[in-house]
Novice: 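The following block contains the structure, expressed as structure tokens.
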Amino acid sequence: MDRFKIHGGRRLQGTVEISGAKNAALPAMAATLLTAEPVRLLNIPHVRDIITMAKLLAHMRCKVQSPDIPPSEFTIQAENVSHAEAPYELVKTMRASVLTLGPLVARFGYARVSLPGGCSIGARPIDLHIQALEKLGATTTVEHGYVEARAKRLRGATFRFPKITVTGTENILTAAVLAEGETVLENSALEPEVVDLAELLIKMGAKIEGAGTSTIRVQGVEKLHGATHTVIPDRIEAGTFLVAGAITGGEPLLTNCEPKHLAIIITKLEECGVDIRCEGPSALRVRAAKKLVAADVSTEEYPGFATDMQAQFMALATQAQGVSHIRETIFENRYLHASEMVRMGANITIDGNLAIVTGPSPLSGAPVTASDLRASAGLVLAALVADNTTWIDRVYHIDRGYEQIELKLSQVGASIERVRQAG
Ligand code: EPZ
């Protein structure tokens with residue numbers, strides 16, 4: 001298992017190129033199951049979850065090709081899909097495999113997908129995906145750890161999500177595009193990744209209105225065709241690098257990002273005293289505050305503050321003057337990084353879903369363990385300002401969603417090294 005060895009205390013300066021969004025690329029890859037024609041996807045980040053999705057599609061007998069190594073572009077052709085199944089071995093390593101459920105049942109009338117089960121940040125059921133598919137006329141059974149869905153052809157219907165769900169919205173959107181008649185999805189997720197998926201589907205011939213609002217209307221079509229699509233930049237990777245600049249007192253330039261997807265993150269960082277400026281349509285310059293000040297955040301669905309940025313913001317809060325209240329409202333167990341930050345010297349107390357961070361606290365390097373993708377990012381940020389050396393274990397979590405983070409950070413001046421361990 002690889003570890004990161006980080007020496008803190010370096011100011012970050014230089015240019016960081018933001019990769020394509022993992023959470024937009026995954027549903028786009030699943031959507032290729034909707035047509036027999038090739039779909040070309042560009043700006044795909046080279047991260048572990050993407051490789052897992054590529055393996056899953058190959059397991060279903062899709063042709064998955066990439067012109068470059070490491071792949072940043074894929075052409076996927078789901079001409080002959082002989083295994084409409086997402087097996088446990090792949091789903092357990094990446095729960096986004098459930099995104100194949102909607103497209104499989106819509107196009108082939110059958111899907112068998114392993115239930116993902118809980119993960120370190122919460123229970124994360126997929127009951128709403130299943131309820132919505134049933135509303136579209138699928139018969140589902142949950143047995144032996146798998147959900148099986150069958151439908152001769154899905155029928156359009158109105159479904160109101162009782163709770164906003166990102167992959168739930170994406171799964172049902174990719175089912176509804178081939179259903180007979182009109183589907184109306186109410187209380188849909190507004191995330192940019194949902195809008196990006198809708199844009200790809202429209203290029204493939206789908207009829208969708210309202211993506212990016214809470215009501216999405218879909219007129220089902222008989223067939224979709226091939227398309228070429230460039231996925232949006234990763235707003236969470238960009239947010240992580242904004243914090244990296246702010247926490248180290250540096251002034252890096254982020255390129256290939258989409259500032260409008262980062263609005264609330266920028267607002268919160270500005271509240272902490274950080275100066276963030278657009279330099280052109282897709283570049284952001286961070287200028288760290290002379291003194292960071294505390295700010296409160298509550299995680300919310302988009303356009304609110306993303307839960308995927310909570311751990312990184314907590315790292316920043318440890319360096320800010322005053323008391324920051326951080327409330328996690330999306331997942332029930334997303335504070336595993338807090339106890340590791342405390343081991344590095346942070347002053348954080350947890351009370352239910354509220355974390356109270358009092359700063360600034362000098363952090364000192366320590367051995368710490370990453371527990372999930374964004375928690376790992378929070379620990380990397382804390383390590384960048386800690387004195388001495390921090391060792392971060394289980395960095396495979398970070399490899400799931402950050403493309404070469406150690407390379408990107410060292411290019412802007414951080415001292416970070418991947419140490420490979422035998423076995
Ligand atoms: C997506 O997960 C992202 N994953 C997550 O990113 C992100 O943290 C999350 O949205 C919230 O923004 C991908 O896009 C691949 P949800 P998702 O369904 O769709 C409950 C990362 O680090 N719920 O919007 O699985 C659920 O338990 C990851 O990149 C149900 O109760 O999240 C949670 O409390 C981690 N029943 C809430 O809804 C359901 O059927 C929101 O979850 C579905 C969800």
Side-chain angles (χ1 to χ4, degrees), residues 19-31 45 47-50 52-53 56 91 93-102 113 115-135 140 142 147 159-174 185 187-197 214 231-232 234-240 261 264-265 298-312 328-334 336-337 353 370-378 397-403 405:
S19 300
K22 162 186 85 85
N23 288 348
L26 291 170
M29 290 172 81
V47 297
R48 185 100 68 88
D49 277 6
I50 295 295
T52 307
M53 183 59 94
L56 175 59
V91 178
T93 62
M94 187 193 61
R95 48 182 306 115
S97 310
V98 301
L99 284 166
T100 56
L101 182 64
V113 173
L115 287 171
C119 81
S120 64
I121 63 175
R124 305 185 71 185
I126 58 158
D127 54 322
L128 305 179
H129 304 223
I130 297 174
Q131 268 179 40
L133 269 185
E134 285 182 346
K135 195 77 197 282
T140 65
V142 176
V147 52
F159 182 78
R160 182 175 181 80
F161 289 98
K163 185 171 190 173
I164 297 175
T165 157
V166 179
T167 50
T169 303
E170 292 164 348
N171 221 344
I172 305 313
L173 180 59
T174 44
L185 300 178
N187 203 27
S188 299
L190 312 184
E191 268 66 3
E193 293 75 18
V194 174
V195 178
D196 197 47
L197 172 65
S214 60
V231 305
I232 52 172
D234 195 315
R235 64 194 165 101
I236 305 301
E237 189 198 18
T240 303
H261 296 162
I264 184 79
I265 296 172
S298 177
T299 63
E300 278 161 26
E301 295 88 357
Y302 191 84
F305 192 90
T307 171
D308 290 348
M309 277 300 297
Q310 180 256 104
Q312 300 89 316
E328 172 57 58
T329 74
I330 307 291
F331 293 114
E332 59 274 24
N333 193 29
R334 213 173 191 182
L336 292 171
H337 45 278
N353 72 353
S371 53
D372 70 80
L373 169 56
R374 308 303 171 186
S376 332
H397 287 295
I398 210 161
D399 294 335
R400 293 186 52 191
Y402 286 89
E403 181 167 14
I405 191 167

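Keep in mind that this is a model prediction, so the values were computed, not measured. Both counts, for ligands and for their atoms, begin at 1 and track the order of listing.
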Novice: Can you name the closest pair of heavy atoms from L197 and A31 and give their distance?
Specialist: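 Smallest interatomic distance, heavy atoms only, reads CD1-CB, 4.0 Å.
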Novice: Is it true that a side-chain atom of N187 and a backbone atom of F161 form a donor plus acceptor pair closer than 3.5 Å?
Specialist: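 Yes, the answer is positive, given that a donor and an acceptor are paired below the 3.5 Å cut-off.
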Novice: Of all residues at least two apart in sequence or in a different chain, which pass the salt bridge (Lys or Arg N to Asp or Glu O under 4.0 Å) check with E193?
Specialist: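 Here the qualifying residues are R235.
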Novice: State which residues pass side chain to side chain donor-acceptor pair (under 3.5 Å) with T299; sequence neighbours excluded, sorted by chain then number.
Specialist: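 Residues passing side chain to side chain donor-acceptor pair (under 3.5 Å) with T299: E328.
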Novice: Kindly indicate, with the supporting measurements, whether the criterion side chain to side chain donor-acceptor pair (under 3.5 Å) is fulfilled by E191 and H261.
Specialist: CA-CA 9 Å; E191 268 66 3; H261 296 162; over 6 Å; no
Novice: Give the protein residues with at least one non-hydrogen atom closer than 4.0 Å to an atom of ligand 1, ordered by chain and number.
Specialist: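 Those residues closer than 4.0 Å to ligand 1 by some heavy atom are K22, N23, A96, R124, P125, I126, D127, L128, H129, K163, I164, T165, V166, T167, T307, D308, I330, F331, R334, L373, R374.
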Novice: Holding to ring-ring contact (aromatic ring centres under 6.0 Å, His included), I want the full list of residues that pass it with Y302, two or more places apart in sequence or in another chain.
Specialist: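 Y302 satisfies ring-ring contact (aromatic ring centres under 6.0 Å, His included) with no other residue.
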